[in-house]
J.: 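Please find one structure pasted underneath; my questions will follow.
Note that these values count all heavy atoms, side chains included, but never hydrogens, waters or copies made by symmetry. Residue numbering restarts at 1 for every chain, and letters A, B, ... go by the order of the sequence lines.
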2 protein chains.
Amino acid sequence: MPFVHLFRRYLRDQGLPVTQQRELIAEVVFASSDHLSVEEIEEQLRARGERIGKATIYRTLEMLVKSGLVAEHDFGEGFKRYEHLFGQMPVHEHLICTECGKVTEIQSPELVRVQEEVASRHGFQAARHRLEIYGLCAACQAAGRKLEWEGLTCPIETL
Amino acid sequence: MPFVHLFRRYLRDQGLPVTQQRELIAEVVFASSDHLSVEEIEEQLRARGERIGKATIYRTLEMLVKSGLVAEHDFGEGFKRYEHLFGQMPVHEHLICTECGKVTEIQSPELVRVQEEVASRHGFQAARHRLEIYGLCAACQAAGRKLEWEGLTCPIETL
DNA sequence: GTAATTGCAAAGGATTTGCAACAGT
DNA sequence: ACTGTTGCAAATCCTTTGCAATTAC
């Protein structure tokens with residue numbers, strides 16, 4: 001993992017100790033191209049034979065997020081997920097498949113442009129945004145899976 | 001509250017009892033144009049002199065969401081918020097002020113069109129989306145408040 | 001009357017915090 | 001040495017669930 005030293009540098013700049021645990025957690029997060037949950041990070045650490053307390057994982061993730069090296073996401077699962085930002089598109093959106101859970105990252109300057117335009121039309125100064133599109137990924141469509149019409153038993157128009 | 005009878009109708013259609021508690025909770029949600037938390041709903045009920053258990057509020061909100069009359073939101077505060085959908089734009093996005101917490105709803109067919117286009121370009125069949133733009137609302141800008149540059153102590157480029 | 005709901009309290013899951021033992025500088 | 005971290009367990013927060021008493025139909 002060639003990126004752990006960036007986190008080391010960040011910690012030193014902040015006058016914070018560089019501990020084994022922090023390096024290991026950073027390694028796991030930087031090594032994965034997925035959106036990891038705390039549970040999954042703990043698993044991967046165990047798979048490496050490392051036993052690190054959950055509290056330390058949470059505390060280290062907070063620093064990784066503050067450092068700007070890692071982003072925190074909430075896809076409405078009841079817990080958070082984390083992804084490192086190396087070699088990533090600086091601004092990207094998420095396509096989330098409701099059938100298989102696959103998350104695809106996409107980039108669209110046009111989308112960003114329209115968002116900014118719409119915001120400023122309302123006198124709003126946009127700083128950051130979150131766009132998640134839920135639906136069926138290509139693989140699930142090919143497999144013949146269909147979207148379930150969650151919770152639309154009684155649309156307003158028909159009442 | 002002229003809309004409570006829609007919820008009554010929904011309950012009857014489903015063969016579910018129309019209870020006082022359900023009507024009162026629906027009234028509170030339908031009466032507010034805000035995005036209410038369960039805590040806030042409970043407060044408003046107390047203000048009316050009604051004492052309804054939290055469990056009942058959660059259970060009733062679940063039905064209101066299933067009925068399609070109310071939408072559930074998670075703005076990353078650690079709890080959910082609810083808004084009724086009467087006289088609302090059917091598809092709308094949220095502008096969230098990080099200074100004062102004000103939530104503005106906007107509608108943009110262009111945004112929706114671009115989103116669908118981008119998704120389908122990736123072979124993705126979009127069903128619904130969530131767009132939240134965080135930044136400074138017009139009032140906060142006028143008041144001279146500035147965006148705090150949360151967690152960007154150490155941007156990647158400078159490492 | 002019967003079946004479903006209510007409300008309380010207990011359980012649940014994710015995250016946080018207090019604190020004694022420990023590691024980094 | 002001194003300061004900050006670790007890890008465990010307890011605490012916290014939002015939400016769900018079990019169950020006896022109550023209400024809707």
Side-chain angles (χ1 to χ4, degrees), chain A residues 4-5 7-29 35-43 45-46 48-67 70-82 151, chain B residues 4-5 7-29 35-43 45-46 48-67 70-82 151:
Chain A
V4 184
H5 73 276
F7 185 44
R8 265 197 285 269
R9 181 137 108 217
Y10 169 79
L11 290 172
R12 291 216 189 84
D13 285 357
Q14 303 289 311
L16 298 169
V18 177
T19 65
Q20 298 185 336
Q21 289 90 333
R22 287 177 185 171
E23 295 200 324
L24 284 164
I25 293 165
E27 267 182 33
V28 165
V29 176
H35 301 72
L36 297 173
S37 64
V38 169
E39 200 63 32
E40 289 165 348
I41 293 170
E42 207 183 13
E43 269 171 37
L45 286 167
R46 244 198 303 275
R48 292 190 183 199
E50 309 291 345
R51 189 166 306 285
I52 299 182
K54 265 205 183 69
T56 304
I57 299 177
Y58 279 107
R59 285 185 284 229
T60 303
L61 283 170
E62 196 184 326
M63 292 176 181
L64 283 165
V65 171
K66 277 222 184 85
S67 79
V70 165
E72 184 183 82
H73 294 291
D74 179 352
F75 294 146
E77 300 166 293
F79 52 85
K80 305 239 175 70
R81 291 186 173 276
Y82 299 85
Chain B
V4 183
H5 73 276
F7 185 44
R8 265 197 286 269
R9 182 139 106 214
Y10 169 78
L11 290 172
R12 290 216 190 84
D13 285 356
Q14 303 289 311
L16 298 169
V18 177
T19 64
Q20 298 184 338
Q21 289 90 333
R22 287 177 185 169
E23 295 199 325
L24 284 163
I25 293 165
E27 268 181 34
V28 165
V29 176
H35 300 72
L36 296 173
S37 63
V38 169
E39 200 64 31
E40 288 165 348
I41 293 169
E42 206 182 12
E43 270 171 39
L45 286 167
R46 244 197 305 274
R48 292 190 182 199
E50 308 293 346
R51 189 165 306 285
I52 298 183
K54 266 205 182 69
T56 303
I57 299 178
Y58 279 106
R59 286 185 283 230
T60 303
L61 283 170
E62 197 185 324
M63 292 176 181
L64 283 164
V65 170
K66 277 223 184 86
S67 79
V70 165
E72 183 184 79
H73 293 291
D74 179 353
F75 294 147
E77 300 167 292
F79 52 85
K80 307 243 174 68
R81 289 185 174 279
Y82 299 85

J.: Rounded to whole Å, how long is the line connecting atom CD1 of A:Ile52 with atom C1' of D:dC8?
T.: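 Answer to the nearest Å: 15 Å.
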J.: Nearest whole angstrom, please: distance from the P of D:dT15 to the CZ of B:Arg81.
T.: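 Value for this atom pair: 11 Å.
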J.: Rounded off to whole Å, could you give me the CD-to-P distance for the B:Glu40 and D:dC14 pair?
T.: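 Value for this atom pair: 11 Å.
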J.: Taking only residues two or more places apart in sequence or in another chain, which ones pass salt bridge (charged side-chain N to carboxylate O under 4.0 Å, His left out) with B:Glu50?
T.: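 B:Glu50 satisfies salt bridge (charged side-chain N to carboxylate O under 4.0 Å, His left out) with no other residue.
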J.: Just how far, in rounded Å, is P of D:dT5 from CD of A:Gln14?
T.: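 Distance check: A:Gln14 CD to D:dT5 P gives 12 Å.
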J.: In whole Å, what is the span from the CD atom of A:Glu23 to the P atom of D:dT6?
T.: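 Taking CD of A:Glu23 and P of D:dT6, I get 11 Å after rounding.
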J.: Please enumerate all residues that pass salt bridge (charged side-chain N to carboxylate O under 4.0 Å, His left out) together with A:Glu40, with sequence neighbours excluded.
T.: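 Testing A:Glu40 for salt bridge (charged side-chain N to carboxylate O under 4.0 Å, His left out), a comparison that skips the adjacent residues, returns A:Arg81.
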J.: If you measure from NE2 on A:His5 to CZ on A:Arg8, what distance do you get to the nearest 0.5 Å?
T.: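 Between A:His5 NE2 and A:Arg8 CZ, I get 8.0 Å after rounding to 0.5 Å.
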J.: Given atom NE2 of B:His73 and atom P of D:dC14, what is their separation to the nearest angstrom?
T.: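 The answer, rounded to whole Å, is 19 Å.
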J.: Considering the terminal five base pairs at each end of the helix from C:dG1-D:dC25 to C:dT25-D:dA1, what angle separates the two local helix axes, rounded to 10°?
T.: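 Nearest ten degrees gives 30° for this helix.
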J.: Salt bridge (charged side-chain N to carboxylate O under 4.0 Å, His left out) with B:Arg46: which residues, sequence neighbours excluded?
T.: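 In terms of salt bridge (charged side-chain N to carboxylate O under 4.0 Å, His left out), with neighbours along the sequence ignored, B:Arg46 is linked to no residue.
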J.: I'd like to know if the side chain of A:Arg22 reaches the main chain of A:Pro17, judged simply by a donor and an acceptor atom lying under 3.5 Å from each other, with no hydrogens or angles considered.
T.: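 Yes; at least one donor-acceptor contact below 3.5 Å.
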J.: A quick test of your reading: do over 12 heavy atoms of other residues, nucleotides or ligands sit less than 6.0 Å from CD of B:Gln20?
T.: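 Incorrect, the count does not exceed 12.
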J.: Applying salt bridge (charged side-chain N to carboxylate O under 4.0 Å, His left out), can you list everything that pairs with B:Glu43, at least two apart in sequence or on another chain?
T.: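 Applying salt bridge (charged side-chain N to carboxylate O under 4.0 Å, His left out) to B:Glu43 gives none.
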J.: Would you mind reading off the distance between B:Glu72 atom CD and D:dT15 atom C1', rounded to a whole angstrom?
T.: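 These atoms are roughly 11 Å apart.
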J.: Looking at every heavy atom in both B:Met63 and B:Leu11, which two are closest together, and how far apart are they?
T.: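 Reported closest heavy-atom pair: SD-CD2, 4.0 Å.
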J.: Figure out the CG/C1' separation between B:Leu11 and C:dT6, and round it to whole Å.
T.: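 From B:Leu11 CG to C:dT6 C1': 15 Å.
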J.: Summarise how protein sits on nucleotides 13-25 of chain C as a single string, 5' to 3': B when a protein heavy atom is under 4.0 Å from the base, S for sugar-phosphate-only contact, - for no contact.
T.: -SBBBB-----SS
J.: Run through A:Ile57, A:Ile41, A:Thr60 and flag the one making a side chain to side chain contact (heavy atoms under 4.5 Å, CB included) with A:Val29.
T.: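 Running side chain to side chain contact (heavy atoms under 4.5 Å, CB included) over A:Ile57, A:Ile41, A:Thr60 with A:Val29 returns exactly one hit, A:Ile41.
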